[in-house]
Amino acid sequence: MRYPQDQPPVLSLTPGPVPVYPEVLHALSRRVPYDYDLPYQAKYERIVRKLQQVMRLSTRPLILQGEPVLGLEAAAASLIDAQDTVLILASGPYGEGFGGWARRYSRDVLTLEAPDDQAIDPQAVADMLKRNPAISVVSVCHHETPCGTINPINAIGAVVAEHGALLIVDAVSSFGGMNTHPEDCQAAIYVTGPAKCLGTPPALTLLGISTRAWAKMKANPSAPRGSVLSILDWEDAGEAGKRFPFTTSIADINALDAALDLYLGEGPEAVWARHDLTARTFRAGIETLGLSIWAASEAYASPTTTVVRLPEGISEADLLSDLRDRYGLLVSGGRGPTAGRAIRVAHMGPAAHPLHALAALSALAGSLNRLGFQCSAGKAIEAALQVVDLTT
Ligand SMILES: *Cc1c(COP(=O)(O)O)cnc(C)c1O
């Protein structure tokens, strides 16, 4: 049997775009009102307050109208000025990539690297800050999606706060899928989006901004204003009587609203547990197949994406096409350091259910055997089922 290439896959377990919750898709088809009409302004404000509750913020969150790369670039442009010394924490492509934006706004950019299969050590950050007292801004990526590794941002945040610097966090692929919030890691600017673990289409950035970060941005003469990159323009957008800087993405805001309702309705703890259980189920099967995950330790393996190292002699392209053609399963290849060396199976939003992990393990075992890597689908499924049965 073959699934035609031009047909959508039966099951998509990619780390963004993710399969979207049906309720969210339905919300995209709601009426699109005029954004300066008073009822819409009130509704926008209610959604911002709901988001504040979901992000567990004491300050008002901000919604920017572009997928979260916009938020990351806007954070660099708004917060960093020529006087800053910036420390980039890099354990993968996203952490490292932030350095490109930081260098546009400051000439003093230092980097602290960790190997791409490991997590950043908060003690190494503390040592770096001690050696370089001028460091005023630090950036970190929480979940390096290309590597499936989680950095300990709460501990890093404590070290950065102790030093008195401001922390920019990329939590795009972790927020909503695990227990992480801007104030838990004392972020100055926490960048995330609803299109990964909250299960919307890619369109928006969600920002948590501390009071100190607002003060620094307002004092920064080069922080963008009158620009799509501006954070300052959106400070009080939608509050009673305040104008939006430009037309809001009304349909996508409706989708966000539905996604927040689903998240609160299921209960954040239950949502995180569902992501965690799916990842553990999948990892148990992977290990039994005789494969290993990219992360050097399970201690920092991501609950929202599992990156599986390819065994000797198995090509990424062959495996991906066999999975898709034979079973209709779409997963991602590696990226950056994992390109050509791993496949990525996401457990995000609607895909975060153990049944999807079981289906992916079956297909993976079938394709691997066909490509010449001997493994037992039955044993892998049994090991994976045991994780589910012990938990439920
Ligand atoms: C998905 C993702 C983003 C958003 O950027 P893309 O355009 O999808 O690459 C940012 N950071 C991380 C860690 C992500 O996983």
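For the single chain, residues carry numbers from 1 onward in sequence order. Order of listing sets the numbers, starting from 1, for every ligand and every atom in it.
At a 4.0 Å heavy-atom cut-off, ligand 1 touches K196 through the side chain alone. Contacts between E144 and ligand 1, counted as non-hydrogen atom pairs separated by less than 4.0 Å, are absent for every part of the residue. Only the side chain of C141 comes within 4.0 Å of ligand 1, counting heavy atoms alone; its backbone N, CA, C and O stay farther away.
Residue R335 places a heavy atom less than 4.0 Å from ligand 1. Taking a 4.0 Å cut-off on heavy atoms, G16 fails to register as neighbouring ligand 1.
Of the protein's heavy atoms, T145 OG1, 2.5 Å lies nearest to atom 15 (O) of ligand 1. Among protein heavy atoms, the minimum distance from atom 11 (N) of ligand 1 is reached at D170 OD2, 2.7 Å.
No more than 12 heavy atoms of other residues, nucleotides or ligands lie within 6.0 Å of CD in E162, so this atom counts as exposed by the packing criterion. Within 6.0 Å of CD on E287 lie no more than 12 heavy atoms contributed by other residues, nucleotides or ligands.
Residue Y94 has at least one nitrogen or oxygen atom sitting less than 3.5 Å from a nitrogen or oxygen atom of ligand 1, judged on distance alone.
Each of N132, V125, V138, L129 was evaluated against H163; a single residue qualifies, L129, per the side chain to side chain contact (heavy atoms under 4.5 Å, CB included) test. The side chain to side chain contact (heavy atoms under 4.5 Å, CB included) with I63 is formed by just one residue from the set D252, T248, L256; it is L256.
Side-chain atoms of H142 never come within 3.5 Å of backbone atoms of I150 as a donor-acceptor pair (strictly under, hydrogens ignored).
Taking the six-membered ring where the residue is Trp, Y263 and F175 present tilted rings, their angle falling between 30° and 60°.
Remark: R324 is not positioned above the aromatic ring of Y3, lacking an NZ or CZ atom under 6.0 angstrom from the ring centre and at most 45 degrees off the axis.
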side-chain contact (heavy atoms from CB on, under 4.5 Å) between V160 and Q186, worked out: CA-CA 9 Å; V160 171; Q186 304 179 58; over 6 Å; no
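Of all atoms in ligand 1, numbered sequentially from 1 with element shown, those under 4.0 Å from a heavy atom of E67 are 4 (C), 5 (O), 6 (P), 7 (O), 8 (O). Near H143, with a cut-off below 4.0 Å to any heavy atom, the atoms of ligand 1 are 13 (C). Those atoms of ligand 1 with a heavy atom of S173 less than 4.0 angstrom away are 13 (C), 15 (O).
Here atom 5 (O) of ligand 1 lies nearest to V69 when heavy atoms of T205, V69, L70 are compared.
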